[in-house]
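In listed order, ligands and their atoms are each counted from 1. Owing to the predicted nature of the structure, the values given are computational and were not obtained by experimental measurement.
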Amino acid sequence: MTERALSATVRVPAKVNVFLAVRGRRPDGYHELVTILQTVGIHDRVRVRASPGLRARHPSHQRASVHFGHDGVTGVPDDHQNLCVMAAHHILADLGIDPVEAGDGVPRVDVRLDKDIPVAAGMAGGSADAAATLLAVNAVLDGGRNREHIQSLAADLGSDVPFCVSGGTALATGTGTATAQVLCRGTFHWVIGMSDEPLRTPAVYEAWDHETPPLEMQPDQVLQAVRTGDPELLGDSLHNDLQVAAFRLRPELADAVDAFLVDGALGSIVSGSGPTVVALAADAAHAHDLAARARERFDRVEVTTSPAGGPSLHRD
Ligand code: ATP
């Protein structure tokens, strides 16, 4: 009997930062953060398929080549620089399978990415894809690695990747890799205003380095707002230290935030390093109303809710 190739698809949500404070630049160039992240209902899909017979915990020496493809979205690397490929190599090595070049008789791991999360938009798209790949490869190869272990692998790949493994609502510190789940009651309604023109995260941090150091903002009010499910309080306490740097690089983002506030949003903020601008609404009808007014100011506008749960895995 021939063994059937196994495959799995992970659907993974984007994030917004409802609070982001930069505590300073470290000697190694990374920045110390305190941030509260929530998943929102915009998703990528990562499908992983492995050659028959390729399994973690196989008694004999294993090797595999990683093959990557995506749906043609602009700005996503096709090769080993894609976070999906990096994540696949990382977990293969962890499972005792050598990632090697393709060749005759070399088992394959095929990774296919379908993107809906905008690229370089401050919504952790690449990090979400990396997290999804770790989870999918672990499932397909029967790796048996638990969430905690996957999160430690995730921390090697980038600051938002551990959060993307679990999703929901979390407080992240350090460079963003140390995460703790935060209690969140209720559902928040958002309008997400997206731009087709990306903003590179390193450029935003570089611009932040030239700004006056901010006051040491604390996340207490935001934590209370999510804990009690209070949209007015959350709207009042949304905060992002990087926003001033994003405004310096893209002054029209300041106008976009102001326009949401003039239209009656409970709060509006740049998400992460931008250029995505999010606005908090009182309820779904209010969100649709704000979105209708915002359409001409953005390349894409979505109405969604948070928290949007975590990645979901389906065996195909
Ligand atoms: P963050 O919010 O975590 O700062 P972001 O949403 O601003 O991230 P990403 O969409 O993750 O940005 O893309 C950042 C860069 O990562 C892109 O310019 C792209 O070249 C690279 N990249 C690598 N892999 C991926 C991927 N799977 N999807 C998107 N970008 C990727």
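- The proximity of Ala130 to ligand 1, defined as any non-hydrogen pair under 4.0 Å, does not occur for either the backbone or the side chain.
- Nearest to atom 10 (O) of ligand 1 among the protein's heavy atoms is Ala120 N, 2.8 Å.
- Protein heavy atom at the shortest distance from atom 2 (O) of ligand 1 is Ala124 N, 3.0 Å.
- Listed by atom number, the atoms of ligand 1 under 4.0 Å from Lys15 heavy atoms are 2 (O).
- In this structure, atom 21 (C) of ligand 1 lies nearest to the protein heavy atom Pro77 CD, 4.1 Å.
- Looking only at distances, a side-chain donor or acceptor of Ser271 sits under 3.5 Å from a matching main-chain atom of Gly122.
- Ligand 1 lies nowhere less than 4.0 angstrom from a heavy atom belonging to Gly272.
- Taking every non-hydrogen atom of Asp129 and a distance limit under 4.0 Å, the qualifying atoms of ligand 1 come out as 26 (C), 27 (N), 28 (N).
- Under the 3.5 Å distance criterion, the side-chain polar atoms of Thr305 are left unmatched by any main-chain donor or acceptor of His189.
- Judged purely by atom type and a 3.5 angstrom limit, Asn82 uses its side chain to pair as donor or acceptor with the backbone of Pro77.
- Residue contacts with ligand 1 do not include Met86, since none of its heavy atoms lies under 4.0 Å from the ligand.
- Counting heavy atoms only, Asp160 comes closest to atom 3 (O) of ligand 1 of the residues Val85, Val119, Val111, Asp160.
- Close approach to Gly125 involves these atoms of ligand 1, each under 4.0 Å from a residue heavy atom: 6 (O), 10 (O), 11 (O).
- Between Gly122 and ligand 1, a contact under 3.5 Å exists for at least one N or O pair.
- The protein does not reach atom 15 (C) of ligand 1 closely, with no heavy atom under 4.0 angstrom from it.
- Among the candidates Asp129, Asp71, Thr74, the single residue satisfying the side-chain hydrogen bond (donor to acceptor under 3.5 Å, both in side chains) test with Lys115 is Asp129.
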Checking salt bridge (charged side-chain N to carboxylate O under 4.0 Å, His left out) for the pair Arg25/Asp209: CA distance, chi angles, key distance, verdict? CA-CA 8 Å; Arg25 188 173 188 271; Asp209 289 337; 3.2 Å; yes

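- Residue-ligand proximity: Gln81 is placed with a non-hydrogen atom under 4.0 Å from ligand 1.
- Shown here, atom 6 (O) of ligand 1 is in close reach of the protein: a heavy atom of it lies under 4.0 Å off.
- The single protein non-hydrogen atom nearest to atom 11 (O) of ligand 1 is Gly126 N, 2.8 Å, given as residue, atom name and distance.
- For ligand 1, the atoms sitting less than 4.0 Å from at least one non-hydrogen atom of Gly75 are 19 (C), 20 (O), numbered in the order shown with element in parentheses.
- The shortest non-hydrogen separation linking His67 to Ala102 is CE1-CB, 3.6 Å.
- The aromatic rings of His239 and Phe19 lie tilted to each other, with the angle between the two planes from 30° to 60°.
- Formation of a donor-acceptor pair under 3.5 Å by the Asn240 side chain with backbone atoms of Val270 is found in this model.
- Checked by distance only, ligand 1 and Leu83 come closer than 3.5 Å through their nitrogen or oxygen atoms.
- In terms of heavy-atom proximity, Leu157 sits nearest to Ala130 at CD1-CB, 4.4 Å.
- Contact annotation for Leu113 and ligand 1: only side-chain heavy atoms (C-beta onward) come within less than 4.0 Å of the ligand.
- Scanning all heavy atoms of the two residues, the minimum distance from Gln151 to Ser166 falls at NE2-OG, 3.3 Å.
- Across Arg11 and His43, no two heavy atoms sit closer than the pair NH2-ND1, 3.2 Å.
- Between the Arg300 side chain and the Ile192 main chain, no donor and acceptor come within less than 3.5 Å of each other.
- Not a single heavy atom of His70 sits under 4.0 Å from any atom of ligand 1.
- The shortest N/O to N/O separation between Gly274 and ligand 1 does not fall below 3.5 Å.
- For Thr201, every heavy-atom contact with ligand 1 shorter than 4.0 Å involves the side chain, none the backbone.
- No side-chain donor-acceptor contact under 3.5 Å links Ser306 to the backbone of Ala308.
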